[in-house]
Amino acid sequence: MVRRPMMAKRRRHLVAVKRVGMLVGVLSITVGAGATSTSAATSHSTVKDISTKGLKTGWIYDGSVADKGYDEEWYDAQLYLEKHLGITATFTQNTPYTSQWTTTGERMADAGAKILYDPGDGGSLFFAACKAEPKVACIESNGVLPFPKNVVSLYDENWLPAYLEGMAAGLLSKTGVIGFLAAFSNTPAPVNETLNALLLGCQATHPGCKALVDVVTSWYTPPKETEDANALVDAGATVLGSTENDPIAIEVAQKRHIWGLGSWGNGVSSGPTAFVTSQIINWAPSLMTLTEQVADGTFHGGRIEVFGFGPGLKLAPWGPKVPKSVQEKVNTAYSQMLKGKNFFCGPIYDTSGKLRVPKGKCLTTMYIYDGWNWYVQGVKISK
Amino acid sequence: MHTFELYFAAAILAGTPLLLAATGELLGETVGLLNVGIEGVMLIGAVTGVVVTLHTNNAELGLLVGALAGAVFLLVFYALPVVALGTEQILPGFGVWFVGLGLSQLIGVNYENTPVSSGSTVVRLPGIDRIPVVKELIGQYPWPVYLAFVLPFVVAWVLARTRHGRNLRAIGEDPVAASAGAGIAVRWWRTVYVAVNGLLGGFAGAVLAVIAVGEWGTDVTAGRGFIALAVVIFSGWRSMRLIVGAYIIGALLILADLGGALSWPIPSEFLDMMPYIGAVAILTVWALRPGRRAAAPGSLGVRLKYSG
Amino acid sequence: MSLSLPTVTDVHVRQSIGVRSLRSRWTWIRQEPSETRSWICRLIAVVLALVVAGAYLVITVHVPDVLGLVLRTTFTTAPGLQELVVLATPFFLTAMAAQIPLRVGLWNVGGEGQFFAGAWLATAFAFSLPHAPGGVLIIGMLLAGAVGGAIWVAIPVLVKTLLNVNEIITTLMLNFAATYWIAYWITGSWRYPSTQGGTIESRFMPAQSNLPLIHLAGGLDSGLIIAVALTIAVGLAVRYSIFGYRTLIVGSGRAVSSYAGVRVRWVIALSLLLGGALAGAGGVLQLIGNSHQLTPGLSDNTGYLGIAVAVLAGGSVLGVIVMSCLLAVIMSVGQAVQIYGVSSEDVFILIGLLLLLATIAEVVAKYRLVRKVPTGGTARVPKEPVGLAPSVSESSRAAVAGDVG
Amino acid sequence: MRTIDTESASSIRERAGERAVKLQLEGIEKSFGLLAAVAGVDLDCYAGEVHAILGENGAGKSTLMKIVAGDLQPDAGHMWLDGETYRPASPKQAMRRGIGIVHQDHQLVSRFTVAENLFLGWDGADRVGGPRSLAEQASAIVDRYGFELDPTSTVRDLSVGEQQRVAILRALVRGVSVLILDEPTATLTPQEVEVLFGVMRNLATDGCAVLFITHKLCEVLAISARVTVLRAGVRVAELGAHECDERLLAREMLGRDVESPSKGDAPPRAVSEPILQASGVTVRDDRGSLAVDDVSFEVHSHEIVGIAGVAGNGQRELSEAVTGVRRVASGRVLVDGKEMTGEDAASYVRAGVGHIPEDRLTAGMILRESIANNSILKMLHVETDRSNLTRGPWLRRREIDRFARQLLVEGQVSTSDPKVKVANLSGGNIQRFLVARELRAASRLLVAVHPTRGLDVGAADRVWRILLRARDEGIAVLLISEDLDEVLSLSNRVLVLSAGRIAGELDNTGAPPSREHLGMLMGGVEQEALVGSAAALKGCGP
């Protein structure tokens with residue numbers, strides 16, 4: 001009843017890409033130059049692999065598939081797979097993070113599903129179902145090793161767009177004070193990586209840039225987020241970022257006439273003049289490859305796939321009010337990233353001033369994804 | 001920077017839905033009806049308020065419809081069993097809460113995360129909006145904030161100094177004496193004030209969702225309906241004291257954010273507990289005051305058996 | 001309305017005088033309902049609510065073959081049955097947590113918080129003795145959970161007994177505090193080291209604390225057996241103990257209590273603490289029987305739904321067991337129909353309707369339709385005059401009866 | 001005190017007879033469930049007469065009057081007011097038609113002031129006005145009718161007589177032409193009754209029809225012009241007051257001749273040992289004000305000590321103080337010479353004190369519970385019973401059922417099933433069951449408060465006999481009652497409680513004390529002041 005503060009998992013709000021547009025996007029995929037991109041998902045729509053036809057699958061969503069965000073993006077991928085690979089899909093929405101998650105997976109497997117997709121990121125609840133049904137292939141998001149042999153985890157390098165957003169913030173902000181709504185304190189992915197990347201990006205363009213962090217203790221509590229975001233603005237923030245499900249940061253930024261960074265989707269509609277930029281994720285290419293692997297018998301689990309900029313991850317179009325000079329500076333870095341440049345290199349200090357990454361060393365993708373359990377210098381957080 | 005002024009204004013805004021809901025509940029309790037389900041009413045008001053605002057792009061209309069929805073909702077789910085059928089009062093209150101929770105989600109499922117673009121009219125108090133600090137403290141709020149502030153004074157005046165108010169207090173004190181002795185239409189007025197309770201509760205929810213938050217979200221109230229109940233008890237059924245209670249909790253709500261934003265060395269979870277612990281605390285403080293017994297309406301929460 | 005009822009002889013007097021023709025042959029009479037009668041009325045309420053819900057599903061959501069779906073998914077598949085067990089287990093104890101204070105006329109709305117507090121203290125216990133043998137750990141965690149639940153209700157108990165502060169609000173407010181309290185620990189020192197993103201959870205409990213699965217009907221959780229045993233034991237203890245009898249006296253009002261020389265404060269405190277302890281134990285059962293991690297989703301609103309179970313059960317232990325199972329079926333069906341686009345939390349509308357209808361059923365149960373005494377006849381006149389007990393005086397003030405508590 | 005118009009009853013009737021019928025009822029029926037509370041009653045009432053409605057408890061008097069006052073809707077029948085059809089849907093409509101009712105308990109809002117109560121719910125009151133303007137208007141009205149009332153005082157601080165005057169005044173404010181008084185004398189001192197009768201006569205003289213409900217025969221003869229007698233919901237007689245006497249009325253009312261209770265033949269034995277000793281007992285009521293003020297008395301075995309007094313003079317608090325239900329503020333209570341001050345009800349039960357409480361339905365019984373559960377309400381405090389009925393912390397249900405059955409037999413209750421819910425018993429059965437239970441506990445002392453209130457004559461008679469038997473068996477009985485007849489016919493000694501103090505103690509073994517004397521004491525005149533005074537007030541009584 002009362003919302004379990006942390007329960008509603010983030011529903012990453014991506015822009016509601018029109019299905020047609022998405023189709024075009026997938027069809028026109030070219031192999032990106034991301035650091036660890038997925039295996040290329042080329043021209044599947046023309047191949048029409050017979051082996052996937054009639055493959056039974058189950059999809060477990062934590063929220064609504066019409067949420068104009070994260071779940072809808074996954075749902076679009078589901079529809080795409082149904083149409084182009086001929087799979088049949090059953091799915092549940094608003095699944096709570098309880099034993100129900102496990103039971104749902106098991107029920108789907110009982111009903112003959114060969115693949116379970118876990119867009120809602122049930123974590124160990126989902127793994128329990130996968131352990132109970134070892135013959136079923138499991139595809140989930142945002143997991144951490146080790147996990148069962150039949151599970152593959154998919155994730156995007158969301159710290160890359162975050163770094164770019166941070167750069168823009170540093171250029172746009174006069175004072176160099178970013179307000180940040182963190183869902184939880186010290187959660188490597190996505191809170192720490194997003195926050196740290198944002199701040200590093202900001203410091204790259206605005207030396208001395210700092211981040212006031214408010215821990216919301218939930219992924220989604222609009223009233224509290226609004227009040228928290230306003231408090232951050234009152235405390236002096238001139239740019240707002242967040243890891244929350246919703247675009248509250250942009251809304252508040254719009255109302256308070258400052259800049260707002262997107263978290264999980266194109267937030268331009270939430271704040272036309274405040275919006276800077278955001279990340280946009282597309283799951284279909286990776287999912288198609290994995291699904292075909294199941295059909296071919298080449299699927300092997302127990303691994304993580306993290307994809308960077310490319311067919312699955314893009315930077316959203318710039319907000320209409322972002323000055324061209326800012327866009328150009330950040331776009332330069334964007335293209336460097338696309339070419340493979342690592343921006344997460346030393347010297348990086350933590351909040352206590354200790355040198356964590358010496359000059360010349362760089363953070364690896366997996367460290368950023370899984371191990372970044374400290375905050376960089378400039379983060380102001382209660383706990 | 002005028003940090004204090006900004007926090008003050010934020011606390012007032014956060015306290016406003018509490019104050020509205022508490023005023024409605026106080027009126028309901030004045031006629032002897034203890035409705036513990038304001039939370040559900042607020043949710044219904046919030047979701048209808050947002051839905052109407054999104055469709056009409058008119059926040060004022062949204063607030064109005066939200067208030068009406070709250071009234072209708074409470075009439076059906078509370079007045080019907082309690083006033084018409086004479087059931088006990090607590091359980092239907094919980095029913096109102098549960099139904100409000102589920103129904104609001106059902107209505108709002110396609111409107112989640114859709115921000116309301118049009119805000120409510122901000123009233124600039126003439127004269128005051130020129131004085132620098134005062135302007136930010138009290139000079140420029142959306143109109144429901146002023147309404148919420150004025151309402152307890154009106155209620156206090158009506159209850160203390162008008163014939164109608166006396167009749168209402170008599171209904172709450174002793175419904176049998178009021179009906180058989182003084183000829184007051186107890187059932188009618190109880191029904192009317194259930195509606196008023198719902199009206200203000202729904203309005204409070206709509207204000208919270210449309211103005212303070214700016215969008216619908218599941219369980220957007222997060223216990224504020226129950227906090228309003230605590231505020232009513234804290235007030236000792238004197239409407240002017242509602243203002244104190246509501247703004248204290250409003251300040252605590254904002255203080256929790258303030259601590260987070262300014263990176264106080266307190267875990268954010270503990271800061272977030274403050275409004276709820278605060279509600280318990282103000283009840284305890286109220287209970288510690290001497291001479292507290294005379295306050296509650298005599299028939300509050302008492303089941304009225306109908307016959308004949 | 002108050003009415004001094006005549007005794008047996010008076011009825012005869014009246015008849016000998018001759019009753020004038022009455023307008024209809026049937027009339028309603030009021031009577032304190034029997035257990036059976038109350039039950040029948042409550043069950044009718046449940047059926048009505050289910051019919052409404054079913055109609056909603058059929059008409060609005062277009063779920064084909066609802067009944068078949070319900071039977072198939074909940075009763076014929078192993079995961080369905082297992083989920084039923086998992087869902088029902090915590091209801092037993094959170095329902096008892098609400099029911100025992102209800103005997104005293106108090107509303108313990110804090111089952112949710114006490115559930116978490118119990119799980120929290122049990123977790124602390126398990127993490128401080130990670131290598132203890134399984135039996136010690138399980139019993140120790142259950143005891144710690146009971147203590148934790150009782151601690152969580154201690155502040156409401158204190159302010160209720162000493163200052164008479166409304167327990168509805170205090171217990172409810174502490175639910176919110178409990179969720180933040182849990183969040184503090186599982187995002188802090190107890191955090192599962194590699195938790196990513198969505199689910200926030202603690203480290204796993206020591207493996208030896210996991211309750212064994214008993215393989216009956218596709219995997220019966222032994223937590224269910226403990227829960228049912230606890231429920232029955234506590235239920236019988238309350239029913240057949242002096243303490244249970246005293247809760248009944250206190251629940252009947254202050255006047256009876258002081259007349260009977262019962263120490264009201266102690267009974268209030270004990271019943272709330274017992275309720276808190278049971279909810280806490282429920283949290284532990286969920287922890288060691290099912291989730292094995294402390295998570296924010298551990299309770300899934302069972303603390304709140306327990307109140308509904310307690311109300312529908314109407315003071316009986318059997319009622320708690322039946323209604324817990326029924327509610328588990330409802331929740332399970334709620335899950336099953338999700339693929340048709342029904343949000344799982346829509347089930348709250350159904351629960352709310354159930355509560356309202358049950359309240360109305362309580363009133364309806366008091367009325368019986370009986371044949372009136374025909375003119376001059378001698379038809380059904382009960383031996384004992386029926387109806388409400390007469391009031392002390394012929395005052396209409398007796399129409400207002402004090403509520404419980 | 002106002003002078004009393006002593007016009008004879010017959011002349012009132014004659015005068016009234018010339019006038020038009022004010023209120024006419026025909027074939028009024030009202031039933032609650034199976035029971036016809038009013039089963040076809042005709043009545044007519046003239047302007048300017050005091051019309052008594054006489055009947056036992058449960059005869060349907062109050063139900064009939066509530067129908068007239070719009071509080072209840074009749075099942076059948078017609079009413080006319082001033083020749084026009086009259087069918088009020090609510091009390092308000094009745095009031096608008098000029099019907100005023102003064103309920104037995106006055107139906108005033110006790111936390112409101114006199115002024116607030118006077119104008120409550122009245123459309124003629126000012127829409128807006130603070131306490132001061134209200135009080136000014138009220139005092140104008142109080143003065144106009146010559147009542148002695150302070151409009152600013154709170155109703156609950158007033159005496160019962162004063163509250164009654166407020167209720168009457170409230171009806172007068174609205175311009176009544178028919179005033180219904182529902183058992184107005186039940187809680188008044190004889191002197192207050194006289195004042196009330198004066199008011200009623202004046203109202204009648206002013207042309208108002210006064211309907212006066214009572215079950216006291218003497219009052220009918222003293223005040224009314226005509227009397228309608230109800231029995232079991234049916235009008236059994238309509239008589240002119242001049243053509244009847246008490247005996248005739250009693251027979252009509254009860255359907256049989258009835259003897260008043262007697263103290264029995266056995267003279268009380270001389271006793272040395274006092275059972276209950278109260279010395280300097282001071283008790284506060286729920287609101288914290290002094291209810292019992294420095295009271296000292298003793299009750300010995302083999303005697304019934306009656307405490308007489310008008311309601312609200314500390315009887316409740318005193319009875320609760322000597323049974324442990326309420327704490328004494330100061331003073332001492334001893335039972336059997338044992339110090340009991342500050343002990344709770346459980347200790348008193350252990351000391352052998354039984355208690356028939358005033359609110360037997362809310363304090364003495366749990367209505368929605370079974371007879372079995374009610375039978376052990378206090379017994380678990382008594383060691384012998386406890387060891388029999390319980391084992392360790394557990395109840396022995398079978399033993400409890402057996403115990404309950406014994407009580408049912410002892411109390412001559414009409415059922416023998418201990419599983420029956422108390423709520424489904426009749427009032428007489430409940431009281432007999434309660435008395436039987438308390439006699440079990442009362443091995444030394446029985447405190448009986450209003451033991452027969454609300455009971456019909458037969459049921460009351462049985463309770464009286466039980467009390468007398470208990471006395472004969474050596475139990476000390478403290479009888480608290482507002483019914484002077486009851487107190488005088490049962491007690492060996494009578495203490496009069498007034499304003500929380502014992503105003504006087506009278507021996508009742510020989511010739512009964514005069515009612516006038518008692519009335520003066522009840523009215524607050526100290527005994528010393530009465531000595532030698534030749535108070536010769538007219539009143540009715542034995």
Side-chain angles (χ1 to χ4, degrees), chain C residues 1-11 13-14 17-23 27-32 34 240-245 248-249 252-253 255-256 258-263 368 370 372-373 380-398 401-402, chain D residues 27 29 31-37 39-40 57-58 62-63 66 71-72 75-76 103-105 231-234 255 324-325 344-346 349 357 359 361-364 366-369 373 377-378 380-381 390 393-395 397 414-415 421-428 430 453-454 456 458-459:
Chain C
M1 194 49 56
S2 96
L3 165 70
S4 290
L5 294 180
T7 54
V8 182
T9 48
D10 293 327
V11 174
V13 168
R14 186 159 304 166
I17 292 167
V19 178
R20 306 238 325 206
S21 68
L22 300 172
R23 276 186 303 179
T27 181
W28 294 98
I29 59 166
R30 272 196 71 155
Q31 194 173 23
E32 196 59 32
S34 67
Y240 289 103
S241 70
I242 298 175
F243 165 72
Y245 178 68
L248 204 144
I249 297 176
S252 304
V256 182
S258 47
Y259 172 73
V262 177
R263 288 180 193 157
R368 293 178 77 162
V370 293
K372 272 190 181 176
V373 184
R380 269 184 69 182
V381 176
K383 258 194 232 153
E384 183 69 13
V386 286
L388 274 185
S391 59
V392 177
S393 65
E394 288 193 3
S395 85
S396 56
R397 188 172 300 263
Chain D
E29 288 175 11
S31 53
F32 298 101
L34 274 182
L35 286 160
N57 277 311
S62 287
T63 305
K66 278 176 189 158
D71 211 359
L72 293 174
D75 294 338
H103 294 88
Q104 192 175 8
D105 48 6
R231 193 193 325 151
V234 173
V325 175
D344 66 356
V349 175
D359 324 311
L361 300 184
T362 52
I366 307 176
L367 290 183
R368 59 188 163 82
E369 283 299 327
N373 269 344
L377 198 58
K378 298 162 88 179
L380 299 183
H381 300 310
T390 64
W394 310 109
L395 301 173
R397 282 284 170 194
S414 62
T415 180
K421 290 186 177 178
V422 173
N424 295 333
L425 296 177
S426 71
I430 291 177
R453 187 147 86 181
D456 64 85

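A note on names: the letters A, B, ... follow the listed sequences, proteins ahead of strands, and every chain is numbered from 1.
- Taking every heavy atom of both residues into account, C/Ser258 and D/Ala345 meet most closely at O-CB, 3.4 Å.
- Two residues are said to be in side-chain contact when any heavy atoms from C-beta on lie closer than 4.5 Å; C/Phe243 and D/Leu395 fail this criterion.
- Rounding to the nearest 0.5 Å gives a distance of 9.5 Å between CD of D/Glu369 and CD1 of C/Ile249.
- Checked by atom type and distance alone, the side chain of C/Tyr240 never pairs as donor or acceptor with a backbone atom of D/Pro393 at under 3.5 Å.
- Here D/Ile366 is the residue among D/Asp344, D/Val349, D/Ile366, D/Thr390 with the most heavy-atom pairs under 4.5 Å with chain C.
- When all heavy atoms of D/Gly364 and C/Tyr259 are compared, the closest pair comes out as CA-CE2, 3.7 Å.
- Here the shortest heavy-atom pairing between C/Ala260 and D/Lys378 reads CA-CG, 4.0 Å.
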